[in-house]
Amino acid sequence: MTPIRLLLVDDDPLVRAGLSFMMGGADDIEIVGEAADGSEVERLVDRTRPDVVLMDIRMSTVDGLAATELLRRRAEAPQVVVLTTFHADEQVLRALRAGAAGFVLKDTPPAEILDAVRRVAAGDPVLSPAVTRQLMAHAVGAGPDNRRATARDRIAALNDREREVAVAVGRGGSNAEIAAGLFMSVATVKTHVSRILAKLGLNNRVQIALLTYDAGLLDEDGH
C-alpha cells in the first residue's frame, strides 16, 4: 500500500517533534517534510508533493489561514487539516471556508490525529455532525450582512435533487445515511456531491455544509 505523504507545519519545534514521532511510527504514513511557518509551505509542497498538510493556525509570518488559502487555489492541492487549540474559533471557520478538510485539537489523542489524516487522505472531512453544528452556531453574525443572500444566490445554481443532497450534507450525514434518507444509491449520492462541488466551486463537504447553513436551508427544514 502506498503510504500517505504528510507535511507538518507548526511554529513550535517541540510540537513538530512530537507529531513527527507520533505520525512517523505509522506504517501507512510518511513524513515528507516539516515547516515552521506558512511562508515555507508552498515551496515545500512543490518539493515534497504531500497528500495531506497538518497545518497550525497561528504562526508568526504567514499564518495557517493564509497558507491554506494559497494551497487550496492550486490545481492539485493537498488536503489540509488545521491544528488548533480552540473548538470554535473564527480563524478555524475561515480556514474551513478556505477549503480545509477539517480540524483537530492539539490535545487530541494520537490515535485520533492519525485517524483524521487517514480519513482526509481518503476524501472524508474530519468534522463530526456535533462539531459542525458547534462551528455553525459560532458563525452566527461572524460575516457580512449579505452572507445569506449571497449563499442563496449560489445555491440557486442547484437543481432540486442536488439541493436536497446539499442540505443532507449540511446536517452531517454520511453518503450511506443520505442515500437511505433520500432513497437513492450511495453511488448516486457521490455523483450528486461531485456535481454540487463543481457547480458551486467548492473544495469539500465541509464547505457545502457551511454554505447551506449560510443560506438558511437548515433552519427552513426544521433543524
To the closest 0.5 Å, what do you measure between [atom1] ([X]) and [atom2] ([Y])?
| X | Y | atom1 | atom2 | result |
| --- | --- | --- | --- | --- |
| F103 | L83 | CZ | CG | 11.0 Å |
| R195 | E162 | CZ | CD | 6.5 Å |
| S20 | I29 | OG | CD1 | 11.0 Å |
| I155 | K199 | CD1 | NZ | 11.0 Å |

State yes or no: do [X] and [Y] share one hydrophobic cluster built from I, L, V, M, F, W and Y residues joined by side-chain heavy-atom distances below 4.5 Å, directly or via other members?
| X | Y | result |
| --- | --- | --- |
| V32 | V41 | no |
| M184 | I196 | yes |
| V165 | V186 | no |
| L8 | F21 | no |
| L6 | I113 | yes |

Under the 3.5 angstrom rule, does the side chain of [X] hit a backbone N or O of [Y] as a donor-acceptor pair?
| X | Y | result |
| --- | --- | --- |
| R163 | L158 | no |
| T108 | V104 | no |
| D214 | R148 | no |
| D37 | V62 | yes |
| D63 | G38 | no |

Is there a side-chain contact between [X] and [Y], using heavy atoms and a 4.5 Å cut-off?
| X | Y | result |
| --- | --- | --- |
| L7 | V9 | yes |
| L200 | I208 | no |
| E177 | R171 | no |
| L202 | R154 | yes |
| V81 | M55 | no |

Please report the shortest heavy-atom distance between [X] and [Y], naming the atom on each side.
| X | Y | value |
| --- | --- | --- |
| L211 | A151 | CD1-CB, 3.7 Å |
| A101 | V206 | O-CG2, 3.6 Å |
| T212 | A166 | CG2-O, 3.4 Å |
| V82 | A95 | CG2-CB, 3.7 Å |
| L96 | A100 | CD2-O, 3.7 Å |

Checklist entry - Run the side-chain contact (heavy atoms from CB on, under 4.5 Å) check on L182 and R161 step by step: do they pass? => result CA-CA 9 Å; L182 296 180; R161 203 57 164 159; 4.1 Å; yes
Next on the checklist: Does L105 form a side-chain contact (heavy atoms from CB on, under 4.5 Å) with E112? I'd like the steps, not just the answer.
Outcome noted: CA-CA 10 Å; L105 299 174; E112 291 183 27; over 6 Å; no
Item to check | Stepwise side-chain contact (heavy atoms from CB on, under 4.5 Å) test for Q79 and D51 | outcome: CA-CA 6 Å; Q79 296 293 339; D51 300 305; over 6 Å; no
Between side-chain atoms of residues 65-74 and protein atoms elsewhere (two or more places apart, or another chain), which donor-acceptor pairs fall under 3.5 Å?
unit_1: T68; atom_1: OG1; unit_2: G64; atom_2: O; d: 2.7
unit_1: R72; atom_1: NE; unit_2: G99; atom_2: O; d: 3.4
unit_1: R72; atom_1: NE; unit_2: N203; atom_2: OD1; d: 3.4
unit_1: R72; atom_1: NH1; unit_2: P78; atom_2: O; d: 2.8
unit_1: R72; atom_1: NH2; unit_2: N203; atom_2: OD1; d: 2.8
unit_1: R74; atom_1: NH1; unit_2: E42; atom_2: OE2; d: 3.4
unit_1: R74; atom_1: NH1; unit_2: D46; atom_2: OD1; d: 3.4
unit_1: R74; atom_1: NH2; unit_2: D46; atom_2: OD1; d: 2.4

Checklist entry - Just checking, any donor-acceptor pair under 3.5 angstrom between side chains of T188 and S185? => result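 Checked: T188/S185 side chains pair up, N/O donor to acceptor below 3.5 Å.
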Item to check | Ionic contact status for D11 with R58, cut-off 4.0 Å | outcome: no
Item to check | Lys/Arg N to Asp/Glu carboxylate O, D10 vs K106, below 4.0 Å | outcome: yes
How would you list, by chain and number, every residue that makes a salt bridge (Lys or Arg N to Asp or Glu O under 4.0 Å) with [X], sequence neighbours excluded?
| X | answer |
| --- | --- |
| R47 | none |
| D12 | none |
| E40 | none |
| K190 | none |

Item to check | salt bridge (charged side-chain N to carboxylate O under 4.0 Å, His left out) partners of residues 21-35, not counting sequence neighbours, each pair once | outcome: R5-E30, R16-E34, D28-R118
